[in-house]
Amino acid sequence: MGIESTLTPTSFFPLAVVVFFKKDYEEPKDFLLSDDSFNWSMQENGELKIESKIEEIVEPLREKIRDLEKSFTQKYPPVKFLSEKDRKRILITGGAGFVGSHLTDKLMMDGHEVTVVDNFFTGRKRNVEHWIGHENFELINHDVVEPLYIEVDQIYHLASPASPPNYMYNPIKTLKTNAIGTLNMLGLAKRVGARLLLASTSEVYGDPEVHPQSEDYWGHVNPIGPRACYDEGKRVAETMCYAYMKQEGVEVRVARIFNTFGPRMHMNDGRVVSNFILQALQGEPLTVYGSGSQTRAFQYVSDLVNGLVALMNSNVSSPVNLGNPEEHTILEFAQLIKNLVGSGSEIQFLSEAQDDPQKRKPDIRKAKMMLAWEPVVPLEEGLNKAIHYFRKELEYQANNQYIPKPKPARIKKGRTRHN
Ligand SMILES: O=c1ccn([C@@H]2O[C@H](COP(=O)(O)OP(=O)(O)O[C@H]3OC[C@@H](O)[C@H](O)[C@H]3O)[C@@H](O)[C@H]2O)c(=O)[nH]1
């Protein structure tokens with residue numbers, strides 16, 4: 001069926017559209033308009049009559065758009081249904097980061113309403129994009145250094161850079177995030193009557209003189225060293241939590257998180273696990289700082305997430321260590337990653353990092369007893385998952401590099417181009 005129209009000088013808009021269409025959209029060929037697309041005739045009154053077949057041409061295009069829209073229908077990971085009574089409104093600050101995004105997944109899949117707040121300094125939209133558009137999910141680009149006014153039942157306060165190169169990059173900002181950011185979140189918790197869980201760190205123990213570290217150890221931190229912005233920032237954040245608890249009755253939970261690794265760590269994170277895996281995968285030397293005799297104990301991210309949720313929903317308001325007590329030297333760790341990757345990389349010894357804690361291992365008896373929690377993912381299994389993730393990331397990076405197309409040579413009118 002053709003559309004019939006009468007052209008007057010002011011009714012050339014459809015033609016303009018057609019001209020644009022012809023000029024800019026030459027593919028696919030079946031939709032090309034040509035003079036055959038119109039029936040031209042002169043009417044008795046002298047006006048030009050055009051019967052267009054645009055509708056016939058446009059309909060297949062509409063069909064294609066409908067198909068595309070169908071294919072875009074978002075498929076979300078499965079989400080449990082929770083009754084109004086059990087469903088909580090949960091805020092996760094730093095929810096687009098490495099740990100925050102895994103916590104987001106768990107709480108979403110458990111059926112809660114999750115609001116993620118992130119300033120995307122180290123967090124990435126990509127980490128939570130699979131929830132965008134879901135009715136239980138909201139993503140807010142916001143820096144916790146500024147106050148936030150929303151209604152929530154629980155706050156997981158994770159916002160802060162966590163890797164030493166990231167938190168040392170802008171020490172003043174790290175201090176503000178941990179001090180002012182925590183103050184703002186505690187203020188919010190007080191105002192709306194929410195419970196707040198602070199993601200604290202094993203770094204509050206500094207370079208510990210007690211081994212393994214239990215929660216009653218006060219720590220050994222250099223208050224003016226390069227790590228102080230984070231260590232002292234988290235220590236003051238803990239202090240604020242207990243001041244708000246005692247003075248204002250805010251319900252607080254404090255998780256002291258030990259070294260954690262897993263998928264979604266940033267390629268430029270700079271912590272030892274991501275560095276060693278990426279170096280081993282690319283055949284580059286594994287960079288060991290110092291002699292490699294310093295120790296760490298690494299937990300897989302899903303264990304941590306389960307611990308955080310168990311702590312939030314427990315009645316334990318004092319600090320709790322969350323970590324895997326399996327301790328290794330950094331050199332052993334380099335060797336293990338090299339073997340798991342099957343890499344021929346060398347091990348390169350670089351100078352020691354200033355104030356680097358020499359021994360670290362959590363005492364997790366409190367978490368075991370009070371939360372019935374302990375890590376369950378064996379180190380090698382977790383590392384293999386992380387290796388798989390970083391392998392994919394490297395492939396993704398290689399496939400998505402922007403390679404500019406060579407521009408066709410411009411030929412000036414009236415001149416012949418010679419090769
Ligand atoms: O390429 C590297 C990176 C790091 N290292 C060493 O590996 C050890 C671990 O370093 P990481 O940077 O992974 O992490 P750190 O233990 O120093 O700090 C971490 O502590 C606990 C968390 O709160 C934080 O994620 C982070 O601050 C350190 O001894 C470091 O010097 C290397 O030998 N080579």
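Numbering of ligands and ligand atoms starts at 1, following listing order. All of these numbers come straight from a predicted model, not from anything done at the bench.
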(request) Could you please spell out the steps behind the side-chain contact (heavy atoms from CB on, under 4.5 Å) verdict for Val273 and Leu383? (result) CA-CA 9 Å; Val273 179; Leu383 281 176; 4.2 Å; yes

(request) Going by heavy-atom distance to atom 6 (C) of ligand 1, choose the closest among Gln358, Met265, Gln279, Gln294. (result) Gln294

(message) For atom 26 (C) of ligand 1, tell me which residue out of Ala162, Ser160, Ala353, Gly323 has the closest non-hydrogen atom.
(response) Ala162

Are any of the N/O atoms on [X], whether in the backbone or the side chain, positioned under 3.5 angstrom from an N/O atom of ligand 1?
X	answer
Val272	yes
Thr201	yes
Arg296	yes
Pro164	no

(request) Quick one: look at Ile330 and ligand 1, take heavy-atom pairs under 4.0 Å, and tell me if it's side chain, backbone, both or neither. (result) side chain

(request) Could you tell me whether Arg227 approaches ligand 1 through its side chain, its backbone, both or neither, with non-hydrogen atoms closer than 4.0 Å? (result) side chain

Which residue and atom name correspond to the protein heavy atom nearest [atom], and how close is it?
atom	value
atom 3 (C) of ligand 1	Tyr289 CE1, 3.3 Å
atom 31 (O) of ligand 1	Asp356 OD2, 2.6 Å
atom 18 (O) of ligand 1	Glu203 OE2, 3.0 Å
atom 34 (N) of ligand 1	Thr287 O, 2.6 Å
atom 1 (O) of ligand 1	Asn275 ND2, 2.8 Å

(request) Could you pull out all residues at least two apart from Tyr167 that satisfy ring pair (Phe, Tyr, Trp, His ring centres under 6.0 Å)? (result) Tyr230

(request) Answer yes or no for Lys125 and Phe120: cation-pi contact, defined as NZ/CZ to six-membered ring centre under 6.0 Å and angle to ring axis within 45°. (result) yes

(message) For Phe98, does the six-membered ring have the charged nitrogen or CZ of Arg271 within the cation-pi criterion, i.e. under 6.0 angstrom from the centroid and within 45° of the normal?
(response) no

(request) Run the numbers for me: atoms of ligand 1, each under 4.0 Å from some heavy atom of Tyr230, listed by number. (result) 23 (O), 27 (O)

Can a non-hydrogen atom of [X] be found less than 4.0 Å from any atom of ligand 1?
X	answer
Ser202	yes
Arg360	yes
Tyr167	yes
Phe333	no

(request) State whether Glu203 and Arg296 are salt-bridged, where the test is any N-O pair (Lys NZ or Arg NE/NH1/NH2 against Asp/Glu carboxylate O) under 4.0 Å. (result) no

(message) Whether Glu346 and Lys338 form a salt bridge (side-chain N of Lys/Arg under 4.0 Å from carboxylate O of Asp/Glu) is what I want to check.
(response) no

(message) Going by side chain to side chain donor-acceptor pair (under 3.5 Å), Tyr205 matches just one of His220, Arg360, Gln213, Arg256. Which one?
(response) Arg256

(request) Determine, step by step, whether His102 and Ser302 satisfy the side-chain hydrogen bond (donor to acceptor under 3.5 Å, both in side chains) criterion, reporting the C-alpha distance in whole Å, the side-chain angles of both residues, the deciding distance to 0.1 Å, and the verdict. (result) CA-CA 7 Å; His102 287 283; Ser302 60; over 6 Å; no

(request) List the steps and the verdict of side-chain hydrogen bond (donor to acceptor under 3.5 Å, both in side chains) for Thr260 and Gln299. (result) CA-CA 5 Å; Thr260 306; Gln299 74 182 325; 3.1 Å; yes

(message) Between Ile347 and Gln335, is there a side-chain heavy-atom distance shorter than 4.5 Å?
(response) yes

(message) Using the salt bridge (Lys or Arg N to Asp or Glu O under 4.0 Å) criterion, which residues pair with Glu374? Sequence neighbours excluded.
(response) Lys368

